[in-house]
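Notes follow once the structure below has been shown.
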Amino acid sequence: MGYNFNEIEKKWQAYWRNNKIYHVTETPDKAKIYVLDMFPYPSGAGLHVGHPLGYIASDIYSRYKRLQGYNVLHPMGYDAYGLPAEQYAIQTGQHPAITTLKNIERYRSQMDKIGFCYDWDREIRTCEPDYYKWTQWAFIRMFESYYSYEVQQARPISELIATFEQQGTQNLNLACTESLTFTAEEWNVKTEKEKQAILMNYRIAYLADTMVNWCPALGTVLANDEVSEGISIRGGYPVEQRKMRQWSLRVSAYAQRLLDGLNVIDWTESLKETQRNWIGRSEGAEILFKVKALDYEFPVFTTRADTLFGVTFMVLAPESDLVPLLTTEAQREAVQKYLDKTKKRTERERIADRKVTGVFSGSYAVNPVNGTEIPVWISDYVLAGYGTGAIMAVPAHDSRDYAFAKHFHLPIIPLIEGADVSNESFDAKEGMMVNSGFLNGLTVKEAIQKAKEYIAEQHLGHVKVNYRLRDAIFSRQRYWGEPFPIYYKDGMPYPVALEDLPIKLPEIDKFLPTESGEPPLGRAKDWIYEENGVKYPLELATMPGFAGSSAYYLRYEDPCNDKALVSSEANRYWRNVDLYIGGTEHATGHLIYSRFWNKFLFDLGIVCEDEPFKRLINQGMIQGRSNFVYRIKDTNTFVSFNLRAQYEVTPIHVDVNIVSNDVLDIEKFRAWNPEYKNAEFILESGKYICGWAVEKMSKSMYNVVNPDDIVEKYGADTLRLYEMFLGPLEQSKPWDTNGIDGVHRFLRKLWNLFYKNDNLCVCETSPNLEELKSIHKLIKKVSYDIEHFSFNTSVAAFMICVNELTGLQCNKKAVLSDLIVVLAPFAPHIAEELWHALGNTTTVCDARFPDFDEKYLKESHVVYTVSFNGKARFTIELPVNTAAPDVEKAVLNHQNSQKWLEGNTIRKVIVVPNKIVNIVVG
RNA sequence: GCCCGGAUGGUGGAAUGGUAGACACGCAAGACUUAAAAUCUUGUGACCAUCGCGGUUGUGCGGGUUCAAGUCCCGCUCCGGGUACCA
């Protein structure tokens with residue numbers, strides 16, 4: 001009979017569920033820990049063996065913390081809105097809600113089999129009206145807020161209106177789309193519509209004409225983090241730049257706080273660095289250039305104010321508002337031709353073929369430091385969205401300007417002593433300034449500083465910090481997402497009343513855009529909002545995927561509250577997430593938006609912590625490990641891996657589930673595909689050995705391993721231990737079922753410590769010193785490892801301990817009891833079973849994690865390694881903590897030393913207590 | 001191009017600067033068995049060896065610091081990830 005894992009696991013999973021073992025409530029006298037997994041998007045393919053990796057790690061941590069007496073919040077839910085369900089709906093007509101529900105059920109059943117300690121009473125789904133009510137609510141609060149740089153905080157828009165009424169825009173430092181200036185008098189005489197238009201310029205959730213990533217194939221716009229190299233991340237379709245009226249979130253207002261916050265959270269340095277780069281702070285100056293022959297000036301941003309004397313031309317982005325203004329009559333046709341051409345180029349094409357292109361606008365600007373007249377060009381190497389959409393070009397010291405100058409034969413003036421710019425630009429910020437008027441003789445760094453001061457003093461511009469971080473485009477022209485709680489009156493957007501939330505997603509007949517090109521919601525009947533008996537149209541776009549995932553961790557704290565996103569009591573108790581585990585792919589998306597969203601709620605006083613995730617661990621990706629068979633060309637004969645060189649062969653992917661330790665199950669292979677029914681094999685040592693390669697885990701490579709199958713064959717505890725044993729949590733690694741037997745054997749050995757011939761065989765005798773030493777070594781190691789997320793070495797420690805106890809034939813209850821509790825976070829089912837077998841009536845989850853006692857770990861004797869000139873020669877055993885001179889004496893008198901000492905003089909002896917003796921001779 | 005990681009046996013991987021290769025897989029030999037599977041025991045970096053003494057060599061490459069370097073420093077090579085006309 002022995003270790004019947006299937007029965008045990010089913011039994012205890014039911015017990016945990018029926019007794020609500022993992023349900024938690026706010027318990028003020030108990031310290032809390034909040035452990036969170038990034039909730040999954042329930043895809044149609046179900047979980048593969050890579051998905052639970054992080055879940056297992058967080059589960060171990062949660063269970064461990066609970067054993068230490070903490071009140072552990074460990075919830076799970078679903079990021080249920082998303083493109084795949086909608087694409088599937090378009091193809092099949094199946095409603096995305098149905099597909100999503102089905103997938104959620106599949107995910108749940110798969111997760112249940114692994115034995116996680118989630119509090120399922122707190123489950124959330126982003127597509128449920130009870131949940132997205134609060135997504136919509138937060139959006140309205142953003143709509144009704146502006147951001148003040150003065151107090152570095154979001155403030156209610158009503159405050160701003162009051163300020164405008166009294167002082168206009170005077171002395172205000174606000175986050176805005178474009179900077180406006182007006183007096184109180186001017187404001188007060190504006191119409192309602194004009195006022196609304198102005199306020200839109202300041203709202204944190206705002207509607208504006210912005211350049212967006214438009215994906216024609218998906219029929220929607222995408223945020224910057226949803227596009228990579230001009231291709232949509234979901235689906236891989238080309239994306240183009242287009243100016244459209246869209247909802248955006250003013251994330252950029254929080255750029256500095258998002259940057260500063262990184263210093264106080266415990267995330268990996270590489271992830272913080274990725275966010276720092278994405279936020280992209282750069283210090284520089286905004287400098288005003290006058291346009292010759294026009295009473296007009298425009299600003300450019302530069303980090304190299306020191307190079308002002310080397311400006312030989314200016315460049316505008318093709319989309320810049322300055323283009324029509326500065327284009328002269330003579331150049332109008334040429335400019336228009338250029339604009340038409342660049343507009344046609346997709347982002348992808350621009351990246352793929354980085355040819356220098358551009359056109360002269362006809363206008364000249366005036367260099368503010370020396371009055372030189374410089375031509376203004378237009379080129380797509382300047383981006384409209386960064387800085388001011390215009391640059392001063394210094395070809396001598398910027399490689400992009402250099403390429404442009406060479407191509408159009410524009411002058412290049414070197415400004416740094418000794419810089420050779422005949423073949424390439426000199427971009428480094430080092431050297432001595434020349435040809436630079438008042439900057440001559442300074443180093444580049446000094447010159448940057450001096451130039452900035454000069455610009456400010458002479459009112460040529462001002463010092464400025466720029467951020468690469470853009471506002472998040474928040475509209476999606478899709479069906480399967482949260483509807484906006486916004487209606488239109490007189491063409492202007494207004495939020496619906498809070499008591500009318502949620503605005504539920506309407507039913508529609510088809511999941512496609514309307515014939516007139518409106519988003520799918522244009523098909524909904526009665527998609528209107530009634531106010532005082534008047535009907536107004538509702539917004540047709542829906543929110544993007546990150547809307548629902550930005551504050552979900554808060555909702556777990558109080559999932560059923562219909563009065564607030566989270567009550568302040570619940571939030572003050574659970575606060576923020578202590579440990580967040582998830583993939584690094586969310587570094588510039590979800591993890592930025594969540595931090596932004598949380599900071600906004602913090603400003604409003606809704607949450608008590610400024611940062612949502614205190615500590616974050618990125619689990620590595622689990623790749624697939626594909627297997628190959630080798631078919632001899634033009635035959636149905638397959639040759640084993642090591643013999644394949646003798647033939648001309650084609651490698652063919654074979655399902656990894658019919659291969660074991662790289663040995664092919666020939667019968668299953670014949671049954672796998674009718675084509676191979678009569679396949680012949682050339683074997684080696686009676687076996688067919690397959691080749692292998694590491695690839696992405698995917699259906700087409702036949703390398704997907706379903707956790708259900710592993711659980712069925714080896715049990716959930718083996719799966720959990722094996723996933724941890726595979727390697728360091730944060731490292732990417734291929735899934736390789738070879739080796740799982742070793743972990744499974746360990747659990748059987750553990751079982752056999754308790755049972756002899758199916759009889760429980762445990763005695764009450766007090767443990768001896770050796771047994772205590774073994775178990776305390778384990779307790780110490782595992783406690784250290786869990787805090788450091790070094791689970792693979794913990795599993796090794798368990799194996800060592802069980803081997804030792806087996807060798808000692810230990811069946812002492814006291815020792816085995818501790819062993820089970822220490823193992824419980826890793827292998828909860830077998831631990832629970834054995835815990836009850838020992839006569840305990842309560843769950844092992846409520847046991848106390850044992851403390852280790854140093855006194856059992858002390859050795860009476862230690863082994864010294866003796867080296868001569870750094871080379872280890874022999875070892876000797878001495879009593880622990882022997883004084884250094886005595887160690888030295890013992891070593892030098894040792895007979896093994898004589899041969900190394902012969903004919904040499906001792907120059908130096910180093911004694912490392914309890915470890916090493918190194919003798920330098922010569 | 002820039003910014004992070006990483007490189008250790010046949011394989012996955014262990015090693016607060018302390019004298020490599022924990023643990024596991026695989027492999028080999030042995031025990032049990034009519035046999036196989038399972039289980040158990042032993043061995044297993046490479047090379048040399050009068051194969052149960054003993055020795056040489058060894059953590060991507062080249063230098064350096066140190067009594068002592070996989071680990072620290074300098075210079076490379078290769079691999080992985082992120083990001084990119086960001087002025």
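Below, read A as the first sequence line, B as the second, and so on, with proteins coming before strands; counting in each chain starts at 1. Any value given below was found using the heavy atoms of this structure, including those in side chains, with hydrogens, waters and symmetry copies removed. All of these numbers come straight from a predicted model, not from anything done at the bench.
In this pair, F798(A) and F746(A) present their aromatic rings tilted. The plane angle is within the 30 to 60° band. Classification of the Y381(A)-F404(A) ring pair by plane angle, with boundaries at 30° and 60°, yields tilted. The aromatic rings of F791(A) and F789(A) lie perpendicular to each other, with more than 60° between the two planes, well past the 30° mark. Ring geometry, F408(A) versus W377(A): the interplanar angle falls from 30° to 60°, so the pair is classed tilted.
A7(B) and G21(B) are spaced 15 Å apart, taking the C1' atom of each and rounding to whole Å. With C1' as the reference atom, G55(B) and G64(B) are 29 Å apart, rounded to whole Å. Remark: the separation of the C1' atoms in G9(B) and U44(B) is 10 Å, to the nearest Å. Spacing of P atoms, U8(B) relative to C79(B), comes out at 14 Å, to the nearest Å. As rounded to the nearest Å, C23(B) and U42(B) have P atoms that lie 12 Å from one another. Rounded to whole Å, the P atom of A22(B) lies 13 Å from the corresponding atom of A46(B). Atom name C1', nucleotides C48(B) and U41(B): the rounded distance is 29 Å, in whole Å. Distance check on atom P: U59(B) versus C72(B) gives 15 Å, rounded to whole Å.
Distance from the side chain of M799(A) is smallest to A24(B) among A24(B), G13(B), C4(B). Comparing G13(B), A84(B), A87(B) by their nearest atom to the side chain of P728(A) picks out G13(B). The side chain of F725(A) lies closest to A24(B) when the candidates are U19(B), A24(B), A87(B). Comparing A87(B), C4(B), G18(B) by their nearest atom to the side chain of K915(A) picks out G18(B). Looking at the side chain of I800(A), the nearest of the listed nucleotides A87(B), A22(B), U83(B) is A22(B). Distances were taken from every side-chain heavy atom of A872(A) (C-beta onward) to each of C4(B), C67(B), U19(B); the shortest belongs to U19(B). Closest approach to the Q731(A) side chain among A87(B), U19(B), G13(B) is made by G13(B) (side chain taken as heavy atoms from C-beta onward). The side chain of N918(A) lies closest to G18(B), out of G13(B), G18(B), A87(B). Of all nucleotides listed (C85(B), A22(B), G13(B)), C85(B) comes nearest to the side chain of Y381(A).
Close to C85(B), at under 4.0 Å from its OP1 or OP2, lies no side-chain N or O of S379(A). In terms of phosphate contacts, R745(A) brings a side-chain nitrogen or oxygen within less than 4.0 Å of OP1 or OP2 of U39(B). For A87(B), neither phosphate oxygen OP1 nor OP2 lies less than 4.0 angstrom from any side-chain nitrogen or oxygen of N466(A).
The nucleotide A37(B) finds no pairing partner, because no Watson-Crick or G-U wobble arrangement with both distances shorter than 3.5 Å includes it. Of the nucleotides present, none pairs with U50(B) by Watson-Crick or G-U wobble criteria with both distances under 3.5 Å. Under the Watson-Crick or G-U wobble criterion, with both distances below 3.5 Å, A69(B) is left unpaired in every strand shown. Across the strands present, C32(B) finds no partner; the criterion is a Watson-Crick or G-U wobble pair with both atom distances under 3.5 angstrom. Pair assignment for G58(B): none, as no Watson-Crick or G-U wobble contacts are both less than 3.5 Å. Pair assignment for A7(B): U77(B), on the basis of Watson-Crick or G-U wobble contacts that are both within less than 3.5 Å. Pair check for A84(B) finds none; no Watson-Crick or G-U wobble contact set falls under 3.5 Å. Base pairing of U44(B): its partner is G26(B), meeting the Watson-Crick or G-U wobble criterion (both donor-acceptor distances under 3.5 Å).
If you check every strand for non-hydrogen atoms under 4.0 Å, S399(A) touches nothing. Within the nucleic acid shown, V920(A) comes within 4.0 Å of sugar-phosphate atoms alone, with no base atom in reach, counting heavy atoms only. Residue I391(A) is classed as a base contact, given a heavy-atom separation below 4.0 Å to a base.
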Reading nucleotides 51-60 of chain B 5' to 3', which nucleotides get B (base under 4.0 Å from a protein heavy atom), which S (sugar-phosphate only), which -?
-> ----SSS---

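In the model, N466(A) has no side-chain atom that pairs as donor or acceptor with a side-chain atom of S282(A) under 3.5 Å. Between the side chains of Y467(A) and S252(A), not a single donor N or O lies within less than 3.5 Å of an accepting N or O. Looking only at atom types and distance, the side chain of Y3(A) has no donor-acceptor partner in the side chain of N752(A) under 3.5 Å away. Side-chain atoms of N881(A) and N914(A) form a donor-acceptor pair, as typed in the model, at a separation below 3.5 Å.
Taking atom CZ on F798(A) and atom P on A14(B), their separation rounds to 17 Å, with Å as the unit. Atom CG of D380(A) and atom P of A87(B) are 18 Å apart (whole Å). Protein atom NZ of K749(A) is 14 Å distant from nucleotide atom C1' of A38(B), rounded to whole Å. Summarising the geometry, the separation between CZ on R276(A) and P on C3(B) is reported as 15 Å, rounded to the nearest angstrom. Remark: C1' of G5(B) and CD1 of I617(A) are 16 Å apart, rounded to the nearest angstrom. If you measure from atom NZ of K908(A) to atom C1' of A68(B), you get 10 Å, rounded to the nearest angstrom. The CG atom of D398(A) sits 9 Å away from the C1' atom of C85(B) (whole-angstrom rounding). Separating the CG atom of N738(A) from the P atom of A24(B) is a distance of 16 Å, rounded to the nearest angstrom.
Classified by its glycosidic torsion, G5(B) falls in the anti category, the angle being over 90° from 0. A glycosidic torsion no more than 90° from 0 defines the syn conformation, and C51(B) adopts it.
Comparing T584(A) and N803(A) by the nucleotide of RNA chain B whose heavy atom lies nearest to each, the residue mapping closer to the 5' end is N803(A). Along RNA chain B, the nucleotide nearest to I919(A) and the one nearest to A797(A) differ in position, and the one closer to the 5' end is contacted by A797(A).
Enclosure of atom CD in E877(A) by more than 12 non-hydrogen atoms of other residues, nucleotides or ligands within 6.0 angstrom is indicated. For CD of E787(A), the number of neighbouring non-hydrogen atoms (other residues, nucleotides, ligands) closer than 6.0 Å is greater than 12.
Checked by distance alone, T865(A) brings no side-chain donor or acceptor within 3.5 Å of a matching partner on the base of U19(B).
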Are W735(A) and I710(A) close enough, and set up right, to give a side-chain contact (heavy atoms from CB on, under 4.5 Å), and what steps lead you there?
-> CA-CA 12 Å; W735(A) 173 266; I710(A) 304 288; 4.1 Å; yes

